[in-house]
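Labels below follow one simple rule: chain letters A, B, ... track the order of the sequence lines, proteins then strands, and each chain is numbered from 1.
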Amino acid sequence: MFFQDTTPDTSGYMIAGFAIAFILMALYVASIYLRNRNLQQDMTLLEEMDKPAQPIEIPQPKKGPAKSTNNNKSAKPVTKKSRQ
Amino acid sequence: MQSKPLVLKILDVVSIILLSISTYLALIYAPTELVMGNVQRVFYFHIGTAWTALLGFILAALFSVAYLITKDMKWDRLQVAAIEVSLVFFLITIVLGSIWARPAWNTWWTWDPRLTTAAVTELIYVAYFMLRQGIDEPEKRARFGAVYALVGGLSAPITFFAIRLFRTIHPVVIGGTNPAADGGFSMTPRMLTAFFFALFTFTIIFVDLFWNRIRLGDLQEKVEQLKLKVTM
C-alpha cells in the first residue's frame, strides 16, 4: 500500500467501519431504553402489589333468577330444585 | 419514576446533533488521506471512542476508591455505569482499528503491544460483569467489583502508553516519533478540526450515556428494594 502511485480505493472499509460504529451505538442506546422500560413496568407492578388491600364490597343479592357466573359450560345450571 | 431532567433531554438532542456534525466533518469536510484513502476517515471515530473509553475506565477506578472509603452504594452504581459505557466505546475502537488495519497492514489483527493491551483491557471489563453476575449479595458484589475495577483500571494507562513505551507498528499520530510505526500520517488543518471535534463529540456522548446509565442503575436499585419489601 505504501509503494503505490495512486490513492487506493478503501471506501468499502470506511463504510463498514462507520456502519458498525453506528450499529453498536444504536444497539447500546436501544438496550438502555428497553431495560429502562422493563424496570418501569416492574416498578408499576410492584407499587400496585405494595398498596394496602382495599376492603372488598359484597354485592347485594338481587331478587329474581340469578345469572350464573360459572364459566364452565358443561356444568349443570343451578336451579331451585338442584339446590334442594 | 421521576421523569427525565430537562438538561438530560437537551443533552440527548445535543449528542445526536454533534454526532451528525462530526460524521459530516469526518466523511466530507476532512480531505482524503493520499496513502490510505478513505479508510483513514474511521480514525476520527477510532480516537474519539478510545479517548472516552480509557477515560471511563480510569473514572471507574476512582469511583472504586470512593466506594471502598465511604461504602456508599452510589459509587458502585457510578462505577458500573462508567465501565458499561466505556466497554461499548472500546469495542467500537477495537473494531474500527481492525477495519483500518486490513488495508493498512494487510491483516485484520496482529499481536502488537497496543492491540494486545487493548484486547486485554476489553476482556478484563467483560470479566468484571461476569464477576458481578456471580455474586448475589449486593454489599459483597460492590466490594469485589470495586477492588477488581481498581486493579483493572491499571490496564487503561498501560494501553495508552503501550505505543510510546514499546516497539510497535501502531502509529502515534499525535507527537509520534516511532520509526517502526506503519500507517502514520501528518494532519492538515481540516483533519485537525475533524479530529478535535470528534474528541469533543464523543466526550459529550459519553457524558450523556453515562448519565442515562446512572439513572437506569438508580431505578434498578429502587425496583430491587421494592421487591424485597413486597416479598417480606
Okay, A/Y28 and chain B: the region with an atom under 4.5 Å from a heavy atom over there is side chain
Okay, A/F22 and chain B: the region with an atom under 4.5 Å from a heavy atom over there is side chain
To the nearest 0.5 Å, atom CG of A/N38 lies from atom CD of B/Q220 at 11.0 Å
Highest number of heavy-atom pairs under 4.5 Å with chain A among B/K229, B/E84, B/R213, B/R102 belongs to B/E84
Interatomic distance, NZ@B/K4 vs CG@A/N36, rounded to 0.5 Å, equals 8.0 Å
One should read off an interatomic distance between B/K222 NZ and A/D42 CG, to the nearest 0.5 angstrom, of 14.5 Å
Hits for side chain to side chain contact (heavy atoms under 4.5 Å, CB included) against B/T203, two or more places apart or cross-chain, chain-then-number order -> B/W51, B/T52
Taking every heavy atom of B/G37 against every heavy atom of A/T10, the minimum-distance pair comes out as C-OG1, 3.5 Å
Closest non-hydrogen atoms of B/V230 and A/M49, given as atom of the first, atom of the second and distance, are CG1-CE, 3.7 Å
Flag yes if more than 12 heavy atoms outside B/Y29 fall under 6.0 Å of its OH atom; otherwise flag no.
yes
Counting only heavy atoms not in B/F200, do more than 12 sit closer than 6.0 Å to its CZ atom? no
Whatever's closer than 4.5 Å to a heavy atom in chain B on A/L39 counts as both
With a 4.5 Å limit on heavy-atom distance, are the side chains of A/M14 and B/L27 in contact? yes
Residues 88-96 of chain B vs chain A, non-hydrogen distance cutoff under 4.5 Å, contacting residues -> B/V88, B/L91, B/I92, B/V95, B/L96
Max heavy-atom pairs within cutoff under 4.5 Å with chain A, candidates B/T49, B/T32, B/L19, goes to B/L19
Rounded to the nearest 0.5 angstrom, the CZ-CG distance for A/R37 and B/L216 is 13.0 Å
If one checks every heavy atom of B/S98 against chain A at 4.5 Å, the contacting part turns out to be neither
Query - 4.5 Å side-chain heavy-atom contact, A/V29 and B/L209 - result: yes
